[in-house]
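For reference, the structure is listed below as structure tokens.
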Amino acid sequence: MKDFIIEFDLSDSEYMTALRLAVGAVCAAADTDIDGAEDMKVCITESCLILKACGFERVRVSLGYLGGVCAEVQGVGGQLHAGDSELSLALISALVSSCGLEKQGEAITKLILKL
């Protein structure tokens, strides 16, 4: 599996558009249908919002495909705290085949997604 890695400051929302384009490109390379690609874009965007709500300043997204598109979305820097992520996690869980979490205390630090 080849990884495509993107890291950016969560306060700069313009990079979210670039991230969504990169997710679409990886999904296209993996021959994912349009609905699957859109689902993955939504899930990665929601993952970034979860990490921002948990106090992270930056996000590091690693994208790849091997038997399906997968992503690791990890928070970097900042002051961690529990964030309100219940609705976002419900949405993500409904759209991907698996969603794993890593936590530090009550704060989510990483989401591992597989489509």
According to a 4.5 Å side-chain heavy-atom criterion applied to Ile, Leu, Val, Met, Phe, Trp and Tyr, with indirect links allowed, do [X] and [Y] form part of one hydrophobic cluster?
X	Y	result
Tyr65	Ile112	no
Val76	Leu19	no
Val42	Met40	no

task = Determine whether more than 12 heavy atoms belonging to other residues, nucleotides or ligands lie under 6.0 Å from atom CZ of Arg58.
result = yes
task = For atom CG of Asp33, decide whether the heavy atoms of other residues, nucleotides or ligands shown that lie under 6.0 angstrom number more than 12.
result =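 Atom CG in Asp33 is crowded, with more than 12 foreign heavy atoms closer than 6.0 Å.
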query = Counting distance only, does the side-chain N/O of Thr45 pair as donor-acceptor with the main-chain N or O of Lys41 below 3.5 Å?
reply = yes
query = Are any side-chain N or O atoms of Asp9 and backbone N or O atoms of Ser11, one a donor and one an acceptor, separated by less than 3.5 Å?
reply = yes
Identify the heavy atoms of [X] and [Y] that sit nearest to each other, and give their distance.
X	Y	result
Leu111	Ser47	CD2-OG, 3.8 Å
Gly64	Asp3	CA-OD1, 4.4 Å
Ser88	Glu46	OG-OE1, 2.6 Å

Could you grab the distance from atom [atom1] of [X] to atom [atom2] of [Y], nearest 0.5 Å is fine?
X	Y	atom1	atom2	answer
Met16	Leu10	CE	CG	6.0 Å
Thr109	Ile50	OG1	CD1	12.0 Å
Gln79	Glu57	CD	CD	8.0 Å
Ile5	Glu7	CD1	CD	9.5 Å

ask   = Would a 4.5 Å heavy-atom cut-off, applied to side chains only, mark Ile108 and Ser85 as touching?
value =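 The answer is yes, as the side chains (C-beta and beyond) meet within the 4.5 Å cut-off.
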message = When you compare the side chain of Leu113 with that of Ile44, does any pair of heavy atoms fall below 4.5 Å?
response = yes
List the atom pairs, donor and acceptor, that lie under 3.5 Å between side-chain atoms in residues 90-105 and the rest of the protein, sequence neighbours left out.
residue : atom : partner : partner atom : Å
Ser93   : OG   : Leu89   : O            : 3.0
Ser97   : OG   : Lys114  : O            : 2.9

task = Kindly state each residue pair satisfying ring pair (Phe, Tyr, Trp, His ring centres under 6.0 Å) with at least one member in residues 12-40, sequence neighbours excluded.
result =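 As it turns out, the ring pair (Phe, Tyr, Trp, His ring centres under 6.0 Å) pairs with a partner in residues 12-40, which skip direct neighbours, are Phe8-Tyr15.
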